[in-house]
Amino acid sequence: MADKPASCHIPGVLREPIFAGDFTHNTGKTMTLTLLDYTFLVLCLLVSTMIGVYQAWRSRLHMGIDEFLLANRNMSYFPVGFSVLACFFSAITMLGAPQTVYSYDILSIWSCFSFVMVCAATAHLYMPVFYQLRVKSTYEYLEMRFNRSLRIIGASVFTLHMIMYVSVVLYAPSLALSAVTGLNIWVAIASVTFACTLYVIIGGIKAVIWEDCFQMMLVFVSVLITLIFSASVVGTGTMLESLSRTNRMRAFDFRLAPSIPHTVWSCLFGYGFLFLPLYAVYHAQIHRCLTCRTLKDAQIALWMSFPGHFLFLLLLIGIGLYMSAFYENCDPLHAGLIAKPDQMAPFFMQDILSQWPGMMGLYLAGVLGASVSSRLTENGGSDRESGKSIVVKEVVVVVVVVVVVVVVVVVVVVVVVVAVVVLVVIVVIVVVVVVIV
């Protein structure tokens, strides 16, 4: 257990924490993970890897390009629907949604309804185009519509985006969990990265889809257990009384002021236009839907993500409401128990779940599972004139472009640094000469 200053018990303070017991805001000490917690984490990563091994073994006799990239377009809508949801649901959402409720209110619930517009547009306007063209990637459409150069540029930009995005998705939650629970950040990142890379390489898109199903079930169980335990510790009556005092149940705000973090309009239309390109033309989403047997299955899979997203956000908002009541009289950030707002959710989980052995490990497995599921897919394409696969060639070209861009960025940075150093030296010399003269 690591000692931290417990600033909530200050002599003379009228409102002390209302929850007595061996909680962090009372003791000033954070809990460390147990052997059972680590066992849950390892088991979840092993199951993810074994899914890829199993899919590779099942497809060992007919693993070609179509099987690896599109599962021979033979997937049903049920697993693909879960995979589409997993692709959009990241660890950042799992940690950030409760913290948003804690810091503001529950107005973010309106963002769920923007998915009606997003799912309708994607399923009935965009998906028919991609599915009927029988493409392997959204960037193949760019080659059909324009030229091959634009396709390579699009795939390269997507690759750079994924490098930066997945880095944030892995690093941000690992950093927050490491600061609160003591979980080694590099162990977490390396373990998740190794498991992801292994099952994608050996199992292809079918392994990705079925692994997404497993991870979403894991995330759902961990979130649901956390909500149940939060209700048992805090109490629903206590939570409602706290919300009436803090006004966090505010669900309607129709003002048009852009300075307000959340309003009904910004959540409905702002999030709607933000999510639309991530669903309608984003390769990681479209790629999963292209594995369905029929266009109708692909459309059903897209519509499945709406109730799933709505349910998950409701559960996370519930956790945020109990967290708000639990820390009503002792904000861990102001008390110096945590350093950043993004540590609020794991800090609350450690207080609530550490009383039951293994539960913190299950929650962490859900968080890392959400990191595993976030937009893991690969680029693919086909040479429609010759009928031969050009996946390897395209990947090589994309890698070369990425390397060139990185080298150019490094060179530019070095040149700027050298120029700044030279400028400073010149200024120093001029000042010295002026002083001497």
Do the side chains of [Y] and [X] get nearer than 4.5 Å, heavy atoms only?
| X | Y | answer |
| --- | --- | --- |
| Ile319 | Val223 | yes |
| Met323 | Ile352 | no |
| Tyr139 | Arg148 | no |
| Ile317 | Ser108 | yes |
| Ile209 | Lys206 | no |
| Met304 | Leu85 | no |
| Ile205 | Glu67 | no |
| Thr291 | Val80 | yes |

Hey, can you tell me if [X] and [Y] have their rings parallel, tilted or perpendicular (30° and 60° cut-offs)?
| X | Y | answer |
| --- | --- | --- |
| Phe113 | Trp110 | tilted |
| Phe220 | Phe312 | perpendicular |
| Tyr282 | Phe158 | perpendicular |

Handout entry: Test log, rule side-chain contact (heavy atoms from CB on, under 4.5 Å), inputs Gln99 and Phe348
Key = CA-CA 10 Å; Gln99 191 273 327; Phe348 175 63; over 6 Å; no
What is the distance from atom [atom1] of [X] to atom [atom2] of [Y], rounded to the nearest 0.5 Å?
| X | Y | atom1 | atom2 | answer |
| --- | --- | --- | --- | --- |
| Ser230 | Phe326 | OG | CZ | 9.0 Å |
| Ser222 | Met359 | OG | CE | 10.5 Å |
| Leu290 | His283 | CG | NE2 | 8.5 Å |
| Thr100 | Leu107 | OG1 | CG | 11.5 Å |
| Ser103 | His262 | OG | NE2 | 10.0 Å |
| Phe269 | Ser114 | CZ | OG | 10.0 Å |

Under 3.5 Å, is there a donor on one side chain and an acceptor on the other for [X] and [Y]?
| X | Y | value |
| --- | --- | --- |
| Ser324 | Glu328 | no |
| Thr294 | Tyr77 | no |
| Tyr327 | Asp351 | yes |
| Thr263 | Arg255 | no |

Exercise for the section: For Phe254, look at atom CZ and say whether over 12 heavy atoms of other residues, nucleotides or ligands are found less than 6.0 Å away. Expected result: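 Yes, CZ of Phe254 has more than 12 neighbouring heavy atoms, counting only those of other groups under 6.0 Å.
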Handout entry: Crowding at CZ, Phe214 (>12 non-hydrogen neighbours, <6.0 Å)
Key =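 Count over threshold, so yes.
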Treating [X] as the side-chain partner and [Y] as the backbone partner, does any N or O pair qualify as donor plus acceptor under 3.5 Å?
| X | Y | answer |
| --- | --- | --- |
| Gln215 | Glu211 | no |
| Arg288 | Ala284 | yes |
| Gln299 | Ala123 | yes |
| Asn147 | Ser149 | yes |

Where [X] and [Y] come nearest, the two heavy atoms and their spacing:
| X | Y | result |
| --- | --- | --- |
| Leu362 | Ile225 | CD2-CD1, 3.4 Å |
| Val118 | Gly272 | CG2-O, 3.5 Å |
| Ala120 | Trp303 | CA-CZ2, 3.5 Å |
| Ile51 | Ala207 | CG2-O, 3.9 Å |
| Tyr141 | Val135 | N-CG1, 4.4 Å |
| Cys112 | His309 | SG-CD2, 4.0 Å |

Handout entry: Distance flag, aromatic centroids of Phe78 and Phe82, threshold under 6.0 Å
Key =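 Here the rings of Phe78 and Phe82 have centres that are less than 6.0 Å from each other.
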Handout entry: Centroid-centroid under 6.0 Å between Tyr279 and Phe115 rings
Key =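 Close enough - the centres of the two rings lie under 6.0 Å apart.
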Exercise for the section: Would you please test Arg134 and Arg73 for side-chain contact (heavy atoms from CB on, under 4.5 Å) and show each step? Expected result: CA-CA 10 Å; Arg134 312 293 289 180; Arg73 301 183 189 271; 3.0 Å; yes
Handout entry: side-chain contact (heavy atoms from CB on, under 4.5 Å) assessment of Cys292 paired with Ser76
Key = CA-CA 6 Å; Cys292 289; Ser76 65; over 6 Å; no
